[in-house]
Amino acid sequence: MASIALPTVGDELVHEFGPLLRVYKSGRIERPLVAPPVEPGLDPSTGVESKDVNLGVYSARLYLPPAAATAGDKLPVIFYIHGGGFVAESAKSPNYHRFLNDLTSACPALGVSVDYRLAPEHPLPAAYDDCLAALRWVLSAEDPWISAHGDLGRVFVAGDSAGGNACHHVAIQQDVARLKGAVLIHPWFWGSEAVGEETRDPAGRAHGAGLWMFACPGTSGADDPRMNPMALDAPGLETLACERVMVCTAEGDFLRWRGRAYSEAVTAARAAGEREVELLETDGEGHVFFLFKPDCDKTKEMLDRIVAFVNAA
């Protein structure tokens with residue numbers, strides 16, 4: 001939804017975060033990047049069937065590939081969390097709908113894309129709470145598609161940008177059943193101290209944390225463990241409730257250094273004998289490029305790597 005109130009003459013812009021969000025003094029909110037939602041149903045290009053499930057204050061869109069009708073065994077489950085800085089986008093947006101159709105068809109896997117509440121109408125931790133509740137709902141197998149076709153021994157959490165951040169949040173919870181894996185695509189992490197070749201400029205570092213501070217007004221700052229999982233007071237990365245981890249970064253993304261540092265930190269924290277984190281670094285592309293260039297070779301390469309990760313023994 002692009003706005004929640006009618007324009008007011010002389011309305012003053014009080015917050016602006018790139019093309020993601022504009023907030024006006026009157027309370028009007030604009031989300032310029034957000035396209036009209038698409039309905040669920042049969043995707044003609046992949047044969048994937050989708051449906052929406054209302055779960056109270058949030059919802060989920062489920063994806064069932066045609067392989068479900070012929071597979072002798074149940075399918076892995078991909079629990080997907082969309083990006084958008086916790087302030088924009090939806091599981092129902094055209095870009096995410098296509099990506100989930102493509103991903104679940106290619107694996108094949110049963111997909112669950114959670115449509116969590118957004119800030120500023122619902123400040124964090126609302127989105128975290130919704131994602132965690134939705135994952136528990138998936139693991140309960142209450143939905144007939146999940147109970148009939150989902151292998152709950154092969155559940156993967158995946159997400160991009162803010163969704164990658166939320167993947168870490170749900171996987172670090174100690175009361176979550178062990179997951180098969182996590183795929184963090186261009187995850188949105190930050191911190192007060194620079195890593196890699198991130199900017200050292202104080203103004204630049206403050207700017208990098210600005211949207212987080214707005215979306216999560218109760219935060220302690222850029223080193224809040226939810227934004228900086230490598231902070232000194234963050235839960236130990238060895239407690240991640242997943243057997244395997246994959247991190248995707250992009251050369252043109254200012255978050256790439258943080259994603260690389262996260263993958264190295266998780267690898268260092270894993271016990272002897274556990275698999276190292278798989279890191280895919282895409283050259284020549286920017287943040288969440290795969291959503292805007294679904295047919296490019298680099299998107300196909302990333303999709304192939306995720307499919308291989310999901311299907312690995």
Side-chain angles (χ1 to χ4, degrees), residues 12-25 29-33 82-89 118-120 123-125 127-128 159-169 172 184-235 237 247-269 277 279-293 298:
E12 180 184 352
L13 180 66
V14 292
H15 297 287
E16 183 172 22
F17 298 97
L20 282 179
L21 185 73
R22 296 175 188 146
V23 181
Y24 292 82
K25 188 174 182 179
I29 293 177
E30 295 177 345
R31 294 179 168 97
L33 269 185
H82 71 79
F86 295 116
V87 300
E89 286 296 356
L118 299 175
L124 288 169
Y128 289 133
D160 65 282
S161 195
N165 173 300
C167 282
H168 171 83
H169 179 78
I172 205 74
L184 283 66
I185 307 171
H186 310 168
W188 181 31
F189 298 133
W190 200 241
S192 61
E193 299 295 327
V195 299
E197 297 182 22
E198 286 179 351
T199 180
R200 264 73 178 167
D201 176 61
R205 300 217 61 75
H207 178 75
L211 180 56
W212 164 253
M213 304 287 282
F214 176 79
C216 189
T219 184
S220 59
D223 288 323
D224 184 319
R226 295 168 294 183
M227 176 48 59
N228 183 4
M230 296 168 285
L232 292 176
D233 60 344
L237 294 173
V247 177
C248 302
T249 64
E251 181 184 22
D253 183 3
F254 81 103
L255 296 174
R256 69 189 184 279
W257 303 108
R258 193 64 51 167
R260 182 186 294 180
Y262 175 82
S263 69
E264 292 171 350
V266 174
T267 294
V277 176
L279 177 63
L280 171 63
E281 299 185 293
T282 301
D283 297 333
E285 298 292 349
H287 190 62
V288 298
F289 69 91
F290 63 96
L291 293 174
F292 306 106
K293 302 163 69 175
K298 296 294 178 66

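No hydrogens, no waters, no symmetry mates; every other heavy atom, side chains included, goes into these values.
- His186 and Phe290 have perpendicular rings, their planes meeting at more than 60° on a 0 to 90° scale where under 30° would count as parallel.
- Contact of the Pro120 side chain with the Ile29 side chain is registered, since non-hydrogen atoms from C-beta on lie closer than 4.5 Å.
- Across all their heavy atoms, Val195 and Arg200 have their closest contact at O-NH1, 4.2 Å.
- In plain terms, the two heavy atoms of Thr249 and Arg260 that are nearest each other are CG2-N, 4.1 Å.
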### Query
How far apart are the C-alpha atoms of Leu237 and His168, what are their side-chain angles, what is the distance that settles it, and do they pass the side-chain contact (heavy atoms from CB on, under 4.5 Å) test?
CA-CA 10 Å; Leu237 294 173; His168 171 83; 3.6 Å; yes
#### Entry: Candidate pair Met230 and Phe189, rule side-chain contact (heavy atoms from CB on, under 4.5 Å), full reasoning
CA-CA 9 Å; Met230 296 168 285; Phe189 298 133; 5.6 Å; no
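- A donor-acceptor pair is defined here as one N or O able to donate and one able to accept, closer than 3.5 Å; no such pair exists between the side chain of Arg258 and the backbone of Leu255.
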### Message
Please evaluate residues His207 and Thr199 with respect to the criterion side-chain contact (heavy atoms from CB on, under 4.5 Å), reporting the C-alpha separation (whole Å), side-chain torsions for both, the decisive distance (0.1 Å), and the verdict.
### Response
CA-CA 11 Å; His207 178 75; Thr199 180; over 6 Å; no
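- Of the possible donor and acceptor atoms, one in the side chain of Lys298 sits under 3.5 Å from a partner among the backbone N and O of Asp283.
- Ion pairing of Glu281 with Arg256 is absent here, as no side-chain N (NZ or NE/NH1/NH2) approaches a carboxylate O to less than 4.0 Å.
- In this structure, the separation between CG on Leu184 and CG on Leu279 is 11.5 Å, given to the nearest 0.5 Å.
- Within the 4.5 Å cutoff, the side chain of Pro187 has no heavy atoms near those of the Cys167 side chain.
- Of the possible polar contacts, one joining the Thr267 side chain to the Val277 backbone as a donor-acceptor pair under 3.5 Å is found.
- Minimum heavy-atom separation, Ala162 to Phe86: O-CZ, 3.4 Å.
- Residues Trp212 and Phe17 place their aromatic rings such that the two centres sit no closer than 6.0 Å.
- To the nearest 0.5 Å, atom CG of residue Leu291 and atom NE2 of residue His82 are 11.0 Å apart.
- With hydrogens and angles disregarded, no donor-acceptor distance shorter than 3.5 Å links the side chain of Ser161 to the backbone of Gly163.
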### Query
Given the rule in the side-chain contact (heavy atoms from CB on, under 4.5 Å) test, do His287 and Phe254 qualify, once you have shown the distances and angles that lead to the verdict?
CA-CA 8 Å; His287 190 62; Phe254 81 103; over 6 Å; no
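- Across all non-hydrogen atoms, the minimal contact from Asn228 to Gly191 is ND2-CA, 3.9 Å.
- Annotation for Glu193: atom CD does not count as buried by contact number, only 12 or fewer foreign heavy atoms lying within 6.0 Å.
- Using a distance-only test at 3.5 Å, with no hydrogens or angles considered, a donor-acceptor pair links the side chain of Glu251 to the main chain of Gly284.
- Note: Ile185 CD1 to Asp253 CG = 12.0 Å, rounded to the nearest 0.5 Å.
- Side-chain atoms of Asn165 come within 3.5 Å of backbone atoms of Arg226 as a donor-acceptor pair (strictly under, hydrogens ignored).
- Between the side chain of Trp190 and the main chain of Arg205, a donor-acceptor pair closer than 3.5 Å is present.
- The shortest heavy-atom contact between Ser192 and Ala222 is N-CB, 3.9 Å.
- Taking the six-membered ring for Trp and thresholds of 30 and 60 degrees, Phe214 and His15 have ring planes inclined between 30 and 60 degrees apart.
- Within the model, atoms CG of Leu124 and OG1 of Thr219 stand 9.0 Å from one another, a figure rounded to the nearest 0.5 Å.
- Looking at every heavy atom in both residues, Pro235 comes nearest to Pro225 through CD-CB, 4.1 Å.
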